[in-house]
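Everything below concerns the one structure shown next.
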Amino acid sequence: MARILILYYSTWGHIESMAYAAADGVREAGAEAFVKRVPETIPGEVLAHIRAKIDQGAPIADPNELADYDGLLIGTPTRYGNMAGQMRTFLDQTGKLWVSNALVGKPAGVFTCTGTQHGGQETTLISTIVNLMHFGMVVVGLPYSASQQTVMDKITGGSPYGATTIAGGDGSRQPIPEELDMARFQGRHLAEIAKKLKD
Ligand SMILES: Cc1cc2nc3c(=O)[nH]c(=O)nc-3n(C[C@H](O)[C@H](O)[C@H](O)COP(=O)(O)O)c2cc1C
């Protein structure tokens with residue numbers, strides 16, 4: 001059975017919700033889903049001050065374990081149009097995997113969340129994809145067959161580069177069903193490709 005790691009960072013829980021939706025999609029494809037987080041780097045008193053969601057049940061991943069999976073889906077919120085520093089710090093500890101070609105040929109994708117509609121979803125996805133390409137991974141986006149991304153009658157995330165959601169300036173907006181569907185789609189799509197590449 002193909003093993004897919006959904007590796008995420010989330011301060012307030014939006015990406016956490018998307019991660020579990022993606023895991024559902026992985027399972028729909030008949031693969032095994034593992035949801036893990038990267039370590040927090042913000043001090044506890046700051047997390048309390050910004051009312052971060054600290055009750056996140058996913059275990060913490062170790063950088064070296066990325067090689068143990070048949071596919072990787074990274075979830076990271078936008079920070080100034082890029083991945084969150086917590087994810088960057090984690091990925092910067094994967095040099096051993098890079099130098100040994102441990103991830104070459106495995107499928108991988110990215111999903112994200114921004115505060116505002118045009119706050120950098122695509123730059124975050126594409127700049128994170130650059131990292132995946134340095135690993136030699138096969139990039140899996142969100143095809144337009146995930147038709148939720150063409151919705152025009154309401155504010156909706158989604159892009160061909162990966163599933164997205166929008167938190168709102170104050171973080172009060174939660175992922176809507178269409179956005180969770182897209183995360184699920186991306187998880188299923190990635191797992192289906194991982195299964196084919198594994199055969
Ligand atoms: C330091 C910092 C930088 C941010 N930069 C952006 C940004 O460039 N564009 C944007 O739309 N939102 C930005 N945001 C908002 C976050 O992307 C948003 O709160 C996050 O996606 C919520 O996801 P989470 O609940 O999973 O952490 C920023 C938030 C912080 C704390």
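The structure displayed is predicted, hence computed values, not measured ones. Every number for a ligand or one of its atoms is a count from 1 in the order of the listing. No hydrogens, no waters, no symmetry mates; every other heavy atom, side chains included, goes into these values.
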Quick test of your reading of the structure: of Asp170, Thr78, Asn82, Thr124, whose heavy atom lies closest to atom 17 (O) of ligand 1?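 Nearest option to atom 17 (O) of ligand 1, by heavy atoms: Thr78.
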Taking atom CE of Met1 and atom NZ of Lys195, what is their separation to the nearest 0.5 Å? 8.0 Å
Which residue holds the protein heavy atom closest to [atom], what is that atom called, and what is the gap in Å?
atom: atom 20 (C) of ligand 1; value: Pro77 CB, 3.6 Å
atom: atom 10 (C) of ligand 1; value: Gly115 N, 3.4 Å
atom: atom 1 (C) of ligand 1; value: Tyr80 OH, 3.4 Å
atom: atom 2 (C) of ligand 1; value: Arg79 CD, 3.4 Å
atom: atom 25 (O) of ligand 1; value: His14 ND1, 2.6 Å
atom: atom 21 (O) of ligand 1; value: Cys113 O, 2.8 Å

If we only count N/O pairs under 3.5 Å, is [X] in contact with ligand 1?
X: Gly119; answer: yes
X: Thr11; answer: yes
X: Ile15; answer: yes
X: Tyr9; answer: no

Could a heavy atom of Gly13 be found less than 4.0 Å from some atom of ligand 1? yes
Relative to the heavy atoms of [X], which atoms of ligand 1 are at a distance of less than 4.0 Å?
X: Gly81; answer: 8 (O)
X: Ser10; answer: 24 (P), 25 (O), 26 (O), 27 (O)
X: Trp12; answer: 19 (O), 24 (P), 25 (O), 27 (O), 31 (C)

Once side-chain contact (heavy atoms from CB on, under 4.5 Å) is applied, do any residues pair with Ala19, and if so which ones, sequence neighbours excluded?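 Scan of Ala19 (side-chain contact (heavy atoms from CB on, under 4.5 Å), adjacent residues dropped) gives Ile6, Tyr8, Val35, Phe111.
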Do we see a donor-acceptor contact under 3.5 Å between the side chains of Thr164 and Gln121?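 Indeed, the side chains of Thr164 and Gln121 share at least one donor-acceptor pair under 3.5 Å.
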Output yes when a side-chain donor or acceptor of [X] lies under 3.5 Å from a complementary backbone atom of [Y], and no otherwise.
X: Lys53; Y: Glu16; result: no
X: Thr156; Y: Lys154; result: yes
X: His189; Y: Val140; result: no

Partner of Leu5 under side chain to side chain contact (heavy atoms under 4.5 Å, CB included), chosen from Leu72, Asp68, Ile74: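 Per the side chain to side chain contact (heavy atoms under 4.5 Å, CB included) rule, the option paired with Leu5 is Leu72, out of Leu72, Asp68, Ile74.
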Through direct or indirect side-chain contacts below 4.5 angstrom among Ile, Leu, Val, Met, Phe, Trp and Tyr, which residues connect to Phe185? Leu142, Met182
Do Glu40 and Ile54 have side chains that approach each other closer than 4.5 Å (heavy atoms only, starting at C-beta)?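 No. Closest side-chain heavy atoms not under 4.5 Å.
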Going hydrophobic residue to hydrophobic residue with side-chain gaps under 4.5 angstrom, can you get from Val138 over to Ile129? no
